[in-house]
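Step one of this worksheet: look at the structure below.
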Amino acid sequence: MVWPMAERKPEPAAETDAERRRRRAQFLRERAEAIELRDRVKPRRARAARMRQQMRMRTFRW
């Protein structure tokens, strides 16, 4: 039996900060787009989520 992880080539260990920031920015853009799409498709769920967030913020203590 061949393990799939054994066939993978090791990635370079040193990833630059710029590459990491670029990947993170791309991920955050895609995530925001997905959230907007979900809110458009399911407005009731989006409204309920907004209400829950508002309640969380109202009851938060510093």
Side-chain angles (χ1 to χ4, degrees):
M1 177 175 202
V2 177
W3 299 99
M5 293 300 289
E7 295 176 7
R8 292 183 59 187
K9 296 177 184 172
E11 297 178 10
E15 179 184 34
T16 65
D17 284 345
E19 290 171 347
R20 188 181 64 78
R21 282 194 302 269
R22 190 169 31 255
R23 281 189 308 116
R24 184 173 188 271
Q26 177 69 27
F27 167 77
L28 292 174
R29 276 194 302 272
E30 290 174 357
R31 180 177 178 264
E33 183 181 340
I35 290 171
E36 288 176 14
L37 176 62
R38 185 184 67 199
D39 290 351
R40 278 198 312 269
V41 171
K42 298 192 174 185
R44 185 178 293 173
R45 174 181 279 183
R47 181 172 184 268
R50 278 196 309 274
M51 295 296 180
R52 281 193 301 275
Q53 178 66 16
Q54 288 172 358
M55 185 61 71
R56 237 181 276 134
M57 295 308 285
R58 256 183 255 140
T59 58
F60 182 76
R61 299 213 176 220
W62 291 99

What pairs of donor and acceptor atoms, side-chain ones from residues 23-37 against any protein atom, are under 3.5 angstrom apart with sequence neighbours left out?
from: Arg23; atom 1: NE; to: Glu15; atom 2: OE2; distance (Å): 2.9
from: Arg23; atom 1: NH2; to: Glu15; atom 2: OE1; distance (Å): 3.1
from: Arg23; atom 1: NH2; to: Glu15; atom 2: OE2; distance (Å): 2.8
from: Gln26; atom 1: OE1; to: Arg29; atom 2: NH2; distance (Å): 2.7
from: Gln26; atom 1: NE2; to: Glu30; atom 2: OE2; distance (Å): 2.7

Next item on the list: Using side-chain contact (heavy atoms from CB on, under 4.5 Å) as the criterion, point out the one residue from Arg58, Arg52, Met57 that pairs with Gln54.
Entry: Arg58
Distance-only criterion, 3.5 Å: show the donor-acceptor pairs between side-chain atoms of residues 43-50 and protein atoms not counting sequence neighbours.
none

Notebook entry, point to check: In the hydrophobic cluster built from side-chain contacts under 4.5 Å, what are the other members alongside Met55?
Noted result: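 Other cluster members: none.
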